[in-house]
> 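One structure, as structure tokens, below. Some questions next.
The chains referred to below are lettered A, B, ... by the order of the sequence lines, with proteins before strands, and numbering in each begins at 1. Because the structure is a prediction, the values reported are computed rather than measured. The figures that follow rest on heavy atoms only: side chains count, while hydrogens, waters and symmetry mates do not.
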Amino acid sequence: MALDDKIYELRREKLKQIEALGQRAYPTKYEVPHTIGYWRDSYKDASAEQLDSERPNVQVAGRITGIRLMGKAGFAHLQSTSRRDRVGSRQIQIYVKKDAVSEKGFELYKLLDIGDVIGARGYLFRTKTGELTIHVEELTFLAKDLLPLPEKWHGLTDVELRYRQRYVDLIVNPEVREVFLKRTELIKSMRRFLDERWFIEVETPMMQPIAGGAVARPFMTHHNTLDMDLYLRIAPELYLKRLLVGGFDRVYEINRNFRNEGLGWRWNPEFTMLEFYQAYTDYRGVMDLTQELITQAAKDVNGSTQAKWGDQEIDWAKWQRMTMREAIIKFWPEKAGAKPQLNEFASPVIVKSMIGQLLNSGVKLAHDLAKPVGATIAAIFEAVAEEHLTQPTIIYEFPTAVSPLSKQKPDEPDWTERFEIFAGQMEISNGFSELNDPEDQRRRFEAQLKERERGDEEAHQMDEDYIRALSYGMPPAGGVGVGVDRLCMLLTDSHTIRDVILFPLLRPEKVATTEDTGDAEKKP
RNA sequence: GGGCGCGUAGCUCAAUUGGCAGAGCAACUGACUCUUAAUCAGUAGGUUGUAGGUUCGAUUCCUACCGCGCUCACCA
């Protein structure tokens, strides 16, 4: 029998004894008029004398994080589970004296373990070491922890266990809880910001017959009754713009996207995206709006526009803006020789020579010369500029070749009215003036289809219904996507996306141990 | 998918050149009516990720597999 099985059996036995004391093993409710944090904050400055004369009556509930028995009295610490109680005022000490809780109450106390959930009623006092403590008059048993929690001062550090058993991670690692409380604040802040500006929150299909609105490989699924293959969406974009056609002229959605691609510190197969669309404005309008939204979110989450990012600090009040071409010139590596000139990006021959310059100087660069020159320019940007973009930076004007849904610049058709926001070496947002010319859109889809035929699985598919929708007339509009997980990483100093996703994707836990490997590799 | 690294008690970690698998916390028994990493005395806890191989002998060396991490590629 494994150790935790023994502990499990032992604690089940304790649970039976607790029931024998007249407590329910799994009671249904307990009145908690105020949280632990409320009492701690309200009486944090109260003196021992003050508490003795006032004797404030309290009733709280929480999980036991530590317990110390000394014969006929003992202490324990209760940890609040309330969202209102943040780090610093989540725990309160309780003092259980046999004389004060009666024989049965003390028997119950002796049967408690670290991890149990209990209710405590009594009055506040200060111990001789000065700690605000509840002098317990009645203990109520609420739930048993049958499995041992990790050790209390090293906590749980094994990353695999932390992700697989996030519930344990949340119990023992207060900073993890804080990150997810901040994530909630972030999403609330974005909703509030858009709601105040008369945006409508909508929900569009997660299962789509054509996975459109982005460049990515989709997950596939199947509906039995309709005998129909469906894709999990890679973006809500095309549906939200159908709603612009329908007359909802400010819409947004905060929801999951699914992309069947690699995992990494910035990538999880399902991730949360905010997308919003505003009619009668262009990329400049939504660029300003997005900057304001993110600045506000930083304030709401951290109470400041300053956010720690590793050994650096990101200031969400100080933004830079430059075009993609300007960024390439600005961050052009010295070792790669002379910087390109602005007008040289118009020449495919010169752009190809830029690639040569970079490769010769040892810059790593993923490029495909069969692709249009615009795609090459975008690759150059990623190779030379992205790693330098720590402070919030808006990069605008993207090549038409990599922007199949954006409006072109009137004076430069090879470039679109599109921008992306970078911070902490990550792309966190993408927006543009929405292409609303159905015939132009058809040509863009057709160009993508050619990419597909060349073997690019991720190129956009033709979406006839979307073109039909545009044919009814879509008002001019700007639209933006914001990567919520990545923004959350930046605001919580989390350096892997798995630390801001409660249950990140992992391989299934292994149950069998021998059968599947025993004869797998026998040499002849 | 490629490369590199890791896997020892419930948790956090040791184990000399290949030579009896250990500690702290958690757990159990006992003492203790202001402790807080409570203390004191004692007890128990292991198929060293899995399966093979080399060896008199493997936690240690080799192979494969499983899981995790980092990284590269694809991507937001």
> Tyr167(A) OH to rG10(B) C1': how many Å, rounded?
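Atom OH in Tyr167(A) sits about 14 Å away from atom C1' in rG10(B).
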> Any chance the side chains of Arg183(A) and Ser494(A) put a donor and an acceptor closer than 3.5 Å?
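Arg183(A) vs Ser494(A): no donor-acceptor pair found between side chains.
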> Going by the angle between their ring planes, with limits at 30° and 60°, are His495(A) and Trp309(A) parallel, tilted or perpendicular?
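Judged by the thresholds at 30° and 60°, the geometry between His495(A) and Trp309(A) is parallel.
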> Will you find, in the side chains of Gln91(A) and Arg40(A), an N or O donor that is under 3.5 Å from an N or O acceptor?
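Arg40(A) and Gln91(A) do not have a side-chain donor-acceptor pair below 3.5 Å.
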> Could you pull out the protein-nucleic contacts involving nucleotides 27-32 of chain B (nitrogen or oxygen on both sides, under 3.5 Å)?
| from | atom 1 | to | atom 2 | distance (Å) |
| --- | --- | --- | --- | --- |
| rC28(B) | OP1 | Lys14(A) | NZ | 2.5 |
| rC32(B) | N3 | Gly71(A) | N | 3.3 |
| rC32(B) | N4 | Gly71(A) | N | 3.4 |

> Check this for me: does any side-chain nitrogen of one of Lys98(A) and Glu103(A) sit under 4.0 Å from a carboxylate oxygen of the other?
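Here Lys98(A) pairs with Glu103(A) in a salt bridge, since their nearest N and O are under 4.0 Å apart.
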> Looking for any heavy atom pair under 4.0 Å, which part of the strands does Gly74(A) touch: base, sugar-phosphate only, or nothing?
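It contacts nothing in the nucleic acid.
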> If you draw a 6.0 Å radius around CE in Met207(A), do more than 12 non-hydrogen atoms from other residues or ligands fall strictly inside?
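Result for CE/Met207(A): open.
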> Which sits closer to the 5' end of RNA chain B, Leu156(A) or Met273(A), going by the nucleotide each is nearest to?
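The answer here is Leu156(A).
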> Under 4.0 Å from OP1 or OP2 of rA44(B): is there any side-chain N or O of Lys6(A) that close?
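It does not, given that no N or O in the side chain of Lys6(A) lies less than 4.0 Å from OP1 or OP2 of rA44(B).
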> Using a cut-off of strictly less than 4.0 Å between a heavy atom of the residue and any atom of RNA chain B, enumerate the qualifying residues of residues 132-139 of chain A by number.
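Correct list: empty, so none.
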> Should stems be defined as at least three consecutive Watson-Crick or G-U pairs with both distances under 3.5 angstrom, which of them involve RNA chain B?
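For RNA chain B the paired stretches long enough to count as stems (3 pairs minimum) are B:1-7 with B:66-72, B:10-13 with B:22-25, B:27-31 with B:39-43, B:49-53 with B:61-65.
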> Heavy atoms only, 4.0 Å cut-off, all strands: where does Lys97(A) land among base, sugar-phosphate and nothing?
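The residue Lys97(A) makes base contact.
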> Check whether the side chains of Arg418(A) and Asn430(A) place a donor and an acceptor atom closer than 3.5 Å, and report yes or no.
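Indeed, the side chains of Arg418(A) and Asn430(A) share at least one donor-acceptor pair under 3.5 Å.
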> Return the value, rounded to whole Å, for the distance between atom NE2 of His154(A) and atom C1' of rA9(B).
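Atom-to-atom, His154(A) to rA9(B), this comes out as 16 Å.
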> Under 4.0 Å between any heavy atoms, over every strand shown, what does Val172(A) touch: base, sugar-phosphate, or nothing? Just pick one.
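The residue Val172(A) makes no contact with any strand.
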> Looking for any heavy atom pair under 4.0 Å, which part of the strands does Asn257(A) touch: base, sugar-phosphate only, or nothing?
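Touches nothing.
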> Decide, yes or no, whether a salt bridge links Arg256(A) with Glu270(A) under the criterion of side-chain N to carboxylate O below 4.0 Å.
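Salt bridge present between Arg256(A) and Glu270(A).
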> Looking at the base of rG24(B), is there any donor atom on it, or on the side chain of Glu151(A), that sits under 3.5 Å from an acceptor on the other one?
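Answer is yes: a donor-acceptor pair is held.
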> Is Phe75(A) stacked on the base of rA38(B), with ring centres under 5.5 Å apart and planes under 30° apart?
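So Phe75(A) does not count as stacking on the base.
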> Testing Arg162(A), Arg266(A), Arg486(A), Lys182(A) for salt bridge (charged side-chain N to carboxylate O under 4.0 Å, His left out) with Asp499(A), which one passes?
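For Asp499(A), the salt bridge (charged side-chain N to carboxylate O under 4.0 Å, His left out) test succeeds with only one of Arg162(A), Arg266(A), Arg486(A), Lys182(A), which is Arg162(A).
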> Using a heavy-atom cut-off of 4.0 Å across all strands, would you classify Gly262(A) as base, sugar-phosphate, or nothing?
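Base contact.
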> Side chain of Glu261(A), heavy atoms from C-beta onward: which of rU35(B), rG67(B), rA76(B) has the nearest atom to it?
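In terms of side-chain proximity for Glu261(A), the closest of rU35(B), rG67(B), rA76(B) is rA76(B).
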> Given rC34(B), rC11(B), rG67(B), which nucleotide is nearest the side-chain atoms of Arg164(A)?
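From the listed options, rG67(B) comes nearest.
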> Would you indicate, yes or no, if rU12(B) has its OP1 or OP2 atom less than 4.0 angstrom from a side-chain nitrogen or oxygen of Thr157(A)?
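Yes.
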> At a cut-off of 3.5 Å, list every protein nitrogen or oxygen paired with a nitrogen or oxygen from nucleotides 5-7 of chain B, distance to 0.1 Å.
none

> Counting heavy atoms from C-beta on, name the nucleotide in rC11(B), rC34(B), rC74(B) closest to the side chain of Lys128(A).
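Of rC11(B), rC34(B), rC74(B), rC34(B) is nearest to the side chain of Lys128(A).
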> Is the Tyr283(A) to Phe419(A) ring centre distance short of 6.0 Å?
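Here the rings of Phe419(A) and Tyr283(A) have centres that are no less than 6.0 Å from each other.
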> Any carboxylate oxygen within less than 4.0 angstrom of a Lys/Arg side-chain nitrogen, looking at Arg126(A) and Glu131(A)?
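The answer is no: the pair does not qualify as a salt bridge.
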> At under 4.0 Å between heavy atoms, what does Asn268(A) touch on the DNA or RNA strands: base, sugar-phosphate, or nothing?
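Contact class for Asn268(A): base.
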> How long is the span from the CD atom in Glu54(A) to the CD atom in Glu49(A), to the nearest 0.5 Å?
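The distance works out to 13.0 Å.
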> Checking Tyr239(A) now: which residues fulfil ring pair (Phe, Tyr, Trp, His ring centres under 6.0 Å) with it, not counting sequence neighbours?
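Residues passing ring pair (Phe, Tyr, Trp, His ring centres under 6.0 Å) with Tyr239(A): none at all.
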> Whole angstrom is fine here: how far is it from OH in Tyr109(A) over to P in rU35(B)?
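Going from OH in Tyr109(A) over to P in rU35(B) covers 13 Å.
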> Using the ring centroid of each side chain, check whether Phe422(A) and Phe381(A) are separated by less than 6.0 Å.
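Yes.
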> Of all residues at least two apart in sequence or in a different chain, which pass the salt bridge (Lys or Arg N to Asp or Glu O under 4.0 Å) check with Lys371(A)?
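Lys371(A): salt bridge (Lys or Arg N to Asp or Glu O under 4.0 Å) contacts with Asp456(A).
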> Rounded to whole Å, please give me the gap between CH2 in Trp265(A) and P in rA76(B).
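Result: 15 Å.
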> Taking the side chain of Phe125(A) as its heavy atoms from C-beta onward, which of rC74(B), rC25(B), rC34(B) lies nearest to it?
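Closest nucleotide to the Phe125(A) side chain: rC34(B).
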> Find which nucleotide of RNA chain B each of Pro148(A) and Val159(A) is nearest to by heavy atoms, and output the residue with the more 5' nucleotide.
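Nearest nucleotide further toward 5': that of Pro148(A).
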> It should be established whether Arg68(A) places a side-chain nitrogen or oxygen under 4.0 Å from OP1 or OP2 of nucleotide rU35(B).
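No.
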> Rounded to the nearest Å, what distance is computed from the CZ atom of residue Phe219(A) to the P atom of nucleotide rA76(B)?
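My rounded result for the distance is 15 Å.
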> May I ask you to verify whether the side chain of Glu131(A) and the base of rU35(B) hold a donor-acceptor pair under 3.5 Å?
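By the distance-only test, no, there is no pair.
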> Ignoring backbone atoms, test whether Arg217(A) places a side-chain nitrogen or oxygen under 4.0 Å from the OP1 or OP2 oxygen of rC74(B).
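No, because none of the side-chain N or O atoms of Arg217(A) sits under 4.0 Å from OP1 or OP2 of rC74(B).
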> Between Leu263(A) (CG) and rC70(B) (C1'), how many Å, whole number?
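Distance, rounded to whole Å: 14 Å.
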> Would you kindly say whether Gln425(A) and Glu387(A) are connected by a side-chain donor-acceptor distance under 3.5 Å?
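No, because no side-chain N or O of Gln425(A) sits under 3.5 Å from a partner of the opposite role on Glu387(A).
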> Does a side-chain N-to-carboxylate-O contact under 4.0 Å join Arg63(A) and Asp116(A)?
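No, Arg63(A) and Asp116(A) are not salt-bridged.
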> Does Gln93(A) reach a base, just sugar-phosphate, or nothing at all? Heavy atoms under 4.0 Å.
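Here Gln93(A) touches the bases of the nucleic acid.
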